[in-house]
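First comes the structure, then the notes that go with it.
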Amino acid sequence: MKHIKTLTTRDLKKSMKKGGCGECQTSCQSACKTSCTVGNQSCEKIK
Amino acid sequence: MIHQYKNNGYNIVMDVNSGSVHVVDDVVYEVVPLIEPLIEGGVRDRDTVQAAVAGLVRPGFDAESVREAVDEVLELEKAGQLFAPDIYENYVFDFKKRSTVVKALCLHISHDCNLACTYCFAGEGEYHGRRALMSFEVGKKALDFLVANSGNRVNLEVDFFGGEPLMNWQVVKDLVEYGRSIEKAAGKRFRFTLTTNGVLLNEEILEFANREMSNLVLSIDGRKQVHDRMRPFRGGQGSYDLIVPKFQRAAESRGQMNYYVRGTFTHYNLDFSEDVKHLADLGFQQISVEPVVAQPSDPYAIRQEDLPILREEYDKLAKEILARREAGKGFNFFHFMIDLQGGPCVAKRLSGCGSGTEYLAVTPWGDLYPCHQFVGQEQFKMGNVDEGITNTALRDEFKGCNVYAKEKCRECFAKFYCSGGCAANSYNFHGNINDAYEIGCELERKRVECAVMIKAAEAEKEENREDEEE
């Protein structure tokens with residue numbers, strides 16, 4: 001495309017079908033402990 | 001739902017429901033908000049859409065460019081990458097009916113601390129109760145409880161937390177040993193982590209931690225005067241000089257991976273980007289510096305009027321990170337890390353932090369709470385390691401906590417990145433867990449914008465590199 005560059009992202013709609021295994025890290029166990037930060041967690045199935 | 005913004009010379013359009021991110025030129029940037037209501041009204045006819053944006057044509061915005069922009073926008077709409085509908089609310093309904101398992105524990109191994117940090121939500125380690133250390137027996141029961149209640153989950157997380165967990169180090173070691181002795185037969189894998197202020201950190205502890213702990217969280221606020229003001233010993237003297245060399249050694253010994261130096265900024269150091277830079281200058285490559293959570297009456301609390309300064313600080317920091325990466329001296333800032341390609345599925349993004357369901361805190365006496373922030377508030381006691389969860393009504397309340405249960409989240413573009421925010425913050429400020437802490441939300445939105453801008457800049461750099469190679 002000439003006017004738009006789309007960054008590669010995970011398709012959230014598709015993730016409804018295969019997601020939800022619950023194996024990924026609990027967000028508060030990462031570093032925060034005072035805020036909720038989920039977008040930076042990685043999927044255990046993808047990594 | 002679209003969120004578009006300009007940052008550091010980039011025009012960014014986020015399609016919230018699909019998760020797509022687009023970097024666009026000025027023409028598309030103006031076209032998108034004109035097309036959005038048409039699409040929402042079911043209008044997709046090319047000629048009708050072209051006619052609706054014809055008024056944009058002016059010097060610098062020629063008719064051909066506007067036509068092309070519309071075609072590209074409609075193409076992305078057709079591909080489900082722009083103006084994607086919200087299809088998740090019914091999914092949440094199913095989600096609430098799910099049976100939950102416990103997969104992570106925050107073990108309050110020590111309700112005591114050798115520092116007296118001004119902003120400590122644990123009240124100098126005691127959580128507004130009495131000083132206590134967790135016994136091995138209680139910790140063992142907690143691990144057994146976790147294994148027994150984890151269903152088919154394989155990865156189980158246990159954070160040794162406090163107070164200061166190194167004040168009860170032998171029990172930490174014994175519990176790790178116990179966990180390792182049972183994990184294989186149980187078909188589980190423990191991921192242990194340790195959060196420490198560093199005062200008691202030594203080579204023996206580090207060697208053990210590097211072998212057994214998948215992550216270390218090392219508490220330091222940044223510049224010496226900032227750190228020492230908020231993180232003194234009980235006698236008032238600062239702790240910076242003691243801990244910095246220990247933390248530097250820890251970071252190096254872990255190959256600059258799988259740890260965070262983790263700081264808190266307050267009203268006293270609104271120029272916190274200087275603290276992040278200071279930590280990077282000390283050689284740390286994994287950095288997290290986060291806003292304090294405090295009552296509005298606390299003098300160090302972040303105030304509404306601080307927000308413009310803090311937004312600028314995040315912008316400065318984002319540019320600094322890009323500049324340092326360009327110079328080969330990059331570092332990670334926890335809140336700007338965003339995994340666009342391999343990030344969490346929708347189920348994770350909707351269900352939040354898991355407090356009160358998959359994540360529980362355990363006190364030195366073996367009582368269970370929804371998370372470490374609720375410890376000490378009797379009405380949030382959920383059960384104990386002997387009887388398990390007895391307050392199932394409270395667990396069900398936490399189970400229903402998701403972005404659709406929070407009115408303030410519905411129209412927020414960042415809802416699938418923060419997942420509805422911190423339940424404890426909500427409770428502290430509004431008396432219930434389904435609200436949102438506005439200052440925290442404002443800062444989260446800014447962080448997401450900066451994080452996505454960094455991704456856009458890196459994508460552009462990569463593209464330029466590929467062009468040069470061709």
Shortest non-hydrogen separation from B/Ala451 to B/Phe336 and the atoms involved =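 Closest approach of B/Ala451 to B/Phe336: CB-O, 3.4 Å.
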How far apart are the closest heavy atoms of B/Ala436 and B/Ser426, and which atoms are they?
->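 Smallest heavy-atom distance, with atoms named: N-OG, 4.0 Å.
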As an exercise: rank [options] by heavy-atom pairs under 4.5 Å with chain A and give me the winner.
options	result
B/Ala414, B/Ala104, B/Ala84	B/Ala104
B/Val292, B/Val452, B/Leu105	B/Leu105
B/Gln81, B/Lys103, B/Glu75	B/Lys103
B/Ile87, B/Val448, B/Asn152	B/Ile87
B/Met337, B/Lys455, B/His22, B/Arg153	B/Arg153
B/Val24, B/Val31, B/Val23	B/Val23

Quick check against the 3.5 Å criterion: does [X] have a side-chain atom that pairs as donor or acceptor with the backbone of [Y]?
X	Y	answer
A/Glu44	A/Cys24	no
B/Gln4	B/Tyr29	yes
A/Glu23	B/Asn155	yes
B/Ser419	B/Phe416	no

Give the ring-plane orientation class for B/His372 versus B/His108, where under 30° counts as parallel, over 60° as perpendicular and anything between as tilted.
->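 B/His372 vs B/His108 ring planes: tilted.
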Relative to the ring of B/His335, is the ring of B/Phe333 parallel (under 30°), tilted (30 to 60°) or perpendicular (over 60°)?
->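 Perpendicular.
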Heavy-atom proximity to chain A below 4.5 Å, by part of [X]:
X	value
B/Val293	side chain
B/Ser65	both
B/Tyr437	neither
B/Asn215	side chain
B/Val154	both
B/Ser20	both
B/Asp159	both
B/Tyr260	side chain
B/Gln286	neither
B/Val261	neither
B/Glu68	both
B/Asp26	neither
B/Glu460	neither

Going by an N to O cut-off under 4.0 Å, is there a salt bridge joining B/Arg262 and B/Glu290?
-> yes
Are B/Lys188 and B/Ser150 linked by a side-chain donor-acceptor pair shorter than 3.5 Å?
-> yes
Under the 6.0 Å and 45° cation-pi test, does B/Arg349 pair with B/Tyr417?
-> yes
Among A/His3, A/Lys14, A/Met1, single out the residue with the greatest number of heavy-atom pairs under 4.5 Å to chain B.
->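 Ranked by contacts with chain B, first place is A/His3.
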Intermediate values then yes/no, salt bridge (charged side-chain N to carboxylate O under 4.0 Å, His left out), A/Lys5 and B/Glu462 | CA-CA 13 Å; A/Lys5 288 188 175 62; B/Glu462 181 65 18; over 6 Å; no
